[in-house]
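Working notes, beginning with the structure itself.
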Amino acid sequence: MRKVLQGLGVLLFLMGISGAIDRIWAQPIMGVVLNAFDRHVVSAIPRLEENAILAGLGLAVCGIVLVVAMESLSPRRRGLT
């Protein structure tokens, strides 16, 4: 389960960075997958639409926090084998 959540964190990070890049400059690499948050969620909420770059970077930060949190819960980090 920890690896799945770390993978989700990496995906959120990539989606956030891709959405921020897409607002600044067209992002052609895997745009259908990586820009889904930006195109479906951010576009639907007017408050996020005004701050789209910040919303994308916030999603990227959430992804990093998820990865770091799951890594800190790793058994080898706590000294257990």
Side-chain angles (χ1 to χ4, degrees):
M1 184 67 170
R2 184 177 53 82
K3 291 290 186 187
V4 172
L5 289 175
Q6 281 183 328
L8 178 64
V10 169
L11 179 64
L12 289 176
F13 172 75
L14 292 175
M15 288 176 77
I17 294 297
S18 178
I21 289 173
D22 192 49
R23 290 292 175 158
I24 297 170
W25 185 43
Q27 201 271 348
I29 301 171
M30 292 185 61
V32 174
V33 175
L34 293 179
N35 292 338
F37 174 77
D38 188 50
R39 292 182 181 162
H40 297 291
V41 177
V42 172
S43 302
I45 302 172
R47 189 77 154 169
L48 291 179
E49 182 71 32
E50 295 171 2
N51 302 311
I53 294 174
L54 188 59
L57 295 176
L59 184 67
V61 168
C62 289
I64 290 171
V65 167
L66 186 60
V67 169
V68 170
M70 290 300 106
E71 186 62 31
S72 70
L73 294 177
S74 174
R76 57 181 181 256
R77 302 284 279 174
R78 289 186 287 180
L80 303 176
T81 56

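Not measured: the values here are computed from a predicted model.
Proximity of M70 to K3: side-chain heavy atoms (C-beta onward) are nowhere separated by under 4.5 Å.
One distance of note links CG of L73 with CE of M1; it measures 12.0 Å at 0.5 Å rounding. Atom CD1 of I21 and atom CD1 of I53 lie 10.5 Å apart (nearest 0.5 Å).
In terms of heavy-atom proximity, N35 sits nearest to G19 at OD1-N, 3.7 Å. The minimum heavy-atom distance between G63 and L12, with the atom names listed, is CA-CB, 3.9 Å.
With sequence neighbours left out, the side-chain contact (heavy atoms from CB on, under 4.5 Å) criterion links V10 to L14, V67. Listed by chain and number, the residues in a side-chain contact (heavy atoms from CB on, under 4.5 Å) with F37 are M15, V41, V42, L59 (sequence neighbours excluded).
A donor-acceptor pair under 3.5 Å links the side-chain atoms of S43 to the main chain of D38, judged by distance alone.
Every pair tested for side chain to side chain donor-acceptor pair (under 3.5 Å) that includes a residue from residues 50-65 fails, sequence neighbours excluded, so the list is empty.
Through chains of ILVMFWY side-chain contacts below 4.5 Å, V65 is grouped with V61. Through direct or relayed side-chain contacts under 4.5 Å between Ile, Leu, Val, Met, Phe, Trp and Tyr, L54 connects to no other residue.
Note: the hydrophobic cluster containing V33 does not contain V4 (ILVMFWY, side chain heavy atoms under 4.5 Å, direct or indirect links).
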